[in-house]
*Asks:* 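Here it is: the structure, laid out below.
By convention in this document, chain letters (A, B, ...) are assigned in the order of the sequence lines, proteins followed by strands, and residues within each chain are numbered from 1. Only a predicted model underlies this, so the values are computations on that prediction, with no experimental measurement involved. What's counted below: heavy atoms across the whole structure, side chains too, no hydrogens, waters or symmetry copies.
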Amino acid sequence: MAERTITLEVFRYRPDSEQEPTFQSYTVPYREDWVVLDALNYLKDETDGSLSFRWSCRMGVCGSCGMMVNGTPRLSCSAFLKEYYPGPVRVEPLANFPVERDLIVGIDDFMNKLKSVKPWIVRDKEQPVSEGEYRQSPAQLATFKQYSMCINCMLCYAACPVYGLQPDFVGPAAIALAHRYNLDSRDQGQSLRKEVVFSHEAVWECTFVGECSVVCPKDVDPAGAIQQEKALGALDLVKSVLMPWGSR
Amino acid sequence: MKPYRRPISPLWWTKKTSYTLFVLRELTSVFIWAFLLFYLVQLSHLAQGTDEYLAFRDQRASFGWLLFHIVALIAAVYHTVTFFNVSPQAIVVRMGEEKVPPAFIVGPQYAAWLLTSVAIAWIVLR
Amino acid sequence: MARSKNEAFWWSLFAAGGGLAAMLVPVHIIVNGIGEPQGWVSPAGIRDLVAHPLAKLYLLALFSLPFFHCAHRIRHILYDFGLRGMPAPVAIVCYGAALLSTLWAVSVICSL
Ligand code: SF4
Ligand code: FES
């Protein structure tokens, strides 16, 4: 029996030799248990060693293998070829990000945004180690656990038209992460974060398209986090009107 | 070496069904606004007296107006459904470690919608 | 970046108006938009009804908040359609139109 194959149309961009990206078609063996990343690795090993892309864990944990597969942001290590059979499968770098080479996008902007929301536990005053750890009940943990599952894969940014159109938008994962720390019973940093989170470039830029939550591989629901932060922003406004002395 | 920035077409929202549905959801506001303005015109005629009111009301019995209102109704219902259905993402109620299931957030809104609608219809049509 | 209280304010009106419109507008389109021109509503009855202070208050809410809801959505969809280069003029036109619509609604409601 002839071996079944599937065609991959891969986005190529080689800044050292070309101004504009092109698409290159490759034919790879079709295997039921292959994901798009397996096909790309096959190509790199057997056909074209110049093809560049990021990956590491191959099990949906590291968040480095995000790509557009037929126009939708996916982890290429979780996108099975059989979902796309008989093909062709169009593989592009994550939308809305600058392309550095082939399927590799620049992540500096995303990293800076993550950092801008102070994604760590902020305390007014650190408690000395001798007083023990900060204790937390299972119910307190449950309030933010979902938002701590993020693997920084940036699929949500690739799905967000607002980020595409307005690159200074702080964006889904960063706001979800801010929400995660704001909800943490051990954290006292909400008033620091709100200068970023309640700014024009953050929650108020969001129009609740909702696609970020649809594509998120970890069910973080960043869109929900943003709406909840909007409500907190409105509450913050009410408080600052009723109690101007209490609002920093 | 220069990173490549892919341009975004002004027609980005036609490229994916979910984006198109998003834009349609946002555009329901145009129909809601238009309906409310026409309703205001109707009330302003009512304020000028019964004859004025009846003259304007009969003008509005035409097929064109009926069509506009049917389209506006579809838009308004689409707004209602989309508004209610996403509310569990924005409103999170917790009982201990568990989240209250979305149906318990959405259900009461549909019930309230039905009740207020019936009540308003009853008050106006009685 | 700084906290924007203006945006919090407009969003609050958007959210309140959106909820109100979701609950109330469909039935008004059926009753007043479709039914009234077909003669479902008695002119004398509706005159008495809208003259009641509670009805006036109700109408004020029905018009004002949804106007701002709609203005907010239209503002953002205009940005998405390519007017991001001029955020302030778009916002002024949209919320300004909502404000004018509301003022007109107030004057009509007061004259009922
Ligand atoms: S929120 Fe979800 S889609 Fe966004 S970066 Fe985190 S895991 Fe990826
Ligand atoms: S390779 Fe790590 S998430 Fe896909």
Side-chain angles (χ1 to χ4, degrees), chain B residues 10 12-13 22-23 25-44 46-50 53-54 56-62 65-66 68-70 72-73 75-77 79-84 87 90 109 112-113 116-121 123-126, chain C residues 14-15 17-47 49-52 55 58-59 62-64 66-67 69-78 80-82 94 97-98 101 104-105 107-112:
Chain B
W12 61 267
W13 49 276
F22 156 74
V23 167
R25 183 191 82 189
E26 301 300 286
L27 290 179
T28 58
S29 59
V30 175
F31 289 95
I32 291 173
W33 198 332
F35 163 73
L36 288 174
L37 289 179
F38 289 133
Y39 184 29
L40 258 187
V41 175
Q42 178 170 305
L43 286 175
S44 70
L46 184 64
Q48 287 164 37
T50 308
Y53 166 77
L54 287 176
F56 183 70
R57 192 191 77 174
D58 293 344
Q59 265 177 40
R60 288 190 41 215
S62 73
W65 279 107
L66 181 66
F68 164 76
H69 282 109
I70 289 174
L73 179 63
V77 170
H79 164 67
T80 304
V81 170
T82 49
F83 205 82
F84 289 172
S87 62
Q109 297 181 65
W113 183 34
T116 40
S117 297
V118 169
I120 290 165
I123 292 171
V124 177
L125 299 177
R126 142 185 81 113
Chain C
F14 156 81
L20 221 53
M23 285 284 170
L24 305 176
V25 166
V27 66
H28 280 290
I29 296 181
I30 295 175
V31 171
N32 303 101
I34 296 174
E36 201 168 331
Q38 312 296 325
W40 293 7
V41 179
S42 96
I46 196 81
R47 287 201 72 154
L49 183 62
V50 296
H52 195 284
Y58 170 81
L59 287 174
L62 173 68
F63 286 106
S64 59
F67 282 147
H69 163 83
C70 295
H72 188 81
R73 279 201 157 161
I74 292 170
R75 172 191 164 204
H76 279 98
I77 205 72
L78 288 176
D80 291 346
F81 284 163
C94 290
S101 301
W104 182 41
S107 82
V108 170
I109 292 167
C110 289
S111 70
L112 286 170

*Asks:* With chain B as the partner, which of C:C70, C:S107, C:P66 has the greatest number of non-hydrogen pairs under 4.5 Å?
*Replies:* C:C70

*Asks:* Students often mix this up, so state it plainly: with edges at 30° and 60°, are the rings of B:F35 and B:H69 parallel, tilted or perpendicular?
*Replies:* perpendicular

*Asks:* Can you say whether C:I109 sits under 4.5 Å from chain B via the side chain, the backbone, both, or neither, judging by heavy atoms?
*Replies:* neither

*Asks:* Which value, rounded to the nearest 0.5 Å, describes the distance between B:Q48 atom CD and C:L112 atom CG?
*Replies:* 10.5 Å

*Asks:* What residues, two or more places apart in sequence or in another chain, satisfy side chain to side chain contact (heavy atoms under 4.5 Å, CB included) together with B:Q59?
*Replies:* B:F56

*Asks:* Pick from B:L125, B:T80, B:I70: which one has the most heavy-atom pairs with chain C under 4.5 Å?
*Replies:* B:T80

*Asks:* Rounded to the nearest 0.5 Å, what's the gap from NE2 on C:H52 to CG on C:L59? Could you check?
*Replies:* 12.5 Å

*Asks:* Please identify, among C:G45, C:G17, C:A21, the residue contributing the most non-hydrogen atom pairs under 4.5 Å to chain B.
*Replies:* C:A21

*Asks:* Considering all heavy atoms of both residues, which atom of C:P26 and which atom of B:L73 are nearest to each other, and what is their separation?
*Replies:* O-CD1, 3.6 Å

*Asks:* Under 4.5 Å, counting heavy-atom pairs only, tell me which of C:V25, C:V41, C:I77 racks up the most with chain B.
*Replies:* C:I77

*Asks:* Heavy-atom pairs under 4.5 Å with chain B: which of C:N32, C:V31, C:L62, C:V108 has the most?
*Replies:* C:N32

*Asks:* Measure the NE2-CZ distance between B:H79 and B:F84 for me, rounded to the nearest 0.5 Å.
*Replies:* 8.0 Å

*Asks:* Measuring from atom NE2 of C:H69 to atom CD1 of C:I74, what distance do you get when rounded to the nearest 0.5 angstrom?
*Replies:* 9.0 Å

*Asks:* Looking at B:S62, B:P10, B:A76, B:S87, which has the largest count of heavy-atom pairs under 4.5 Å with chain C?
*Replies:* B:A76

*Asks:* With a 4.5 angstrom heavy-atom cut-off, is it the side chain or the backbone of B:T28 that approaches chain C, or both, or neither?
*Replies:* side chain

*Asks:* Given a strict heavy-atom distance threshold of 4.5 Å, which part of B:L54 is in contact with chain C: side chain, backbone, both, or neither?
*Replies:* side chain

*Asks:* With ring centroids as reference points, do C:Y58 and C:H28 lie under 6.0 angstrom apart?
*Replies:* yes

*Asks:* With chain B as the partner, which of C:P43, C:A71, C:S111, C:G18 has the greatest number of non-hydrogen pairs under 4.5 Å?
*Replies:* C:G18

*Asks:* Heavy-atom pairs under 4.5 Å with chain C: which of B:V41, B:T82, B:D58 has the most?
*Replies:* B:V41

*Asks:* Tell me, side chain or backbone of B:V118 under 4.5 Å from chain C's heavy atoms, or both, or neither?
*Replies:* neither

*Asks:* Can you say whether C:A51 sits under 4.5 Å from chain B via the side chain, the backbone, both, or neither, judging by heavy atoms?
*Replies:* neither

*Asks:* Given that the side chain runs from C-beta out, which part of B:F68 has a heavy atom under 4.5 Å from chain C: side chain, backbone, both or neither?
*Replies:* neither

*Asks:* Taking the side chain as every heavy atom from C-beta outward, state whether C:W40 and B:V124 have any pair of such atoms under 4.5 Å apart.
*Replies:* no

*Asks:* Nearest 0.5 Å, please: how far is CG in C:L49 from OG in C:S42?
*Replies:* 9.5 Å

*Asks:* B:W65 versus chain C, heavy atoms under 4.5 Å apart: side chain, backbone, both or neither?
*Replies:* neither

*Asks:* With a 4.5 angstrom heavy-atom cut-off, which part of C:A44 approaches chain B: side chain, backbone, both or neither?
*Replies:* neither

*Asks:* Select, from C:A98, C:G82, C:G35, the one with the greatest count of heavy-atom pairs under 4.5 Å involving chain B.
*Replies:* C:A98

*Asks:* So which part of B:V23 gets closer than 4.5 Å to some heavy atom of chain C, the side chain, the backbone, both or neither?
*Replies:* both

*Asks:* By salt bridge (Lys or Arg N to Asp or Glu O under 4.0 Å), which residues pair with B:E26, not counting sequence neighbours?
*Replies:* C:R73

*Asks:* Based on non-hydrogen pairs under 4.5 Å, which of B:I32, B:T116, B:I120 is most in contact with chain C?
*Replies:* B:I120

*Asks:* Heavy-atom distances under 4.5 Å only: say whether C:F67 touches chain B with side chain, backbone, both or neither.
*Replies:* both

*Asks:* Quick one: do C:E36 and B:Y53 satisfy side chain to side chain donor-acceptor pair (under 3.5 Å)? Show the steps, please.
*Replies:* CA-CA 11 Å; C:E36 201 168 331; B:Y53 166 77; 2.4 Å; yes

*Asks:* Using non-hydrogen atoms and a 4.5 Å limit, figure out which bit of B:A75 sits close to chain C: side chain, backbone, both or neither.
*Replies:* neither

*Asks:* Write down the atom of C:L78, the atom of C:C94, and the distance for their closest heavy-atom approach.
*Replies:* CD1-SG, 4.1 Å

*Asks:* Does any part of the side chain of B:W33, heavy atoms only, come nearer than 4.5 Å to the side chain of B:S29, both counted from C-beta?
*Replies:* no

*Asks:* Of the backbone (N, CA, C, O) and the side chain (C-beta and beyond), which part of C:A55 lies under 4.5 Å from a heavy atom of chain B, both, or neither?
*Replies:* neither

*Asks:* Under a 4.5 Å heavy-atom cut-off, does chain B meet the side chain of C:V50, its backbone, both or neither?
*Replies:* side chain

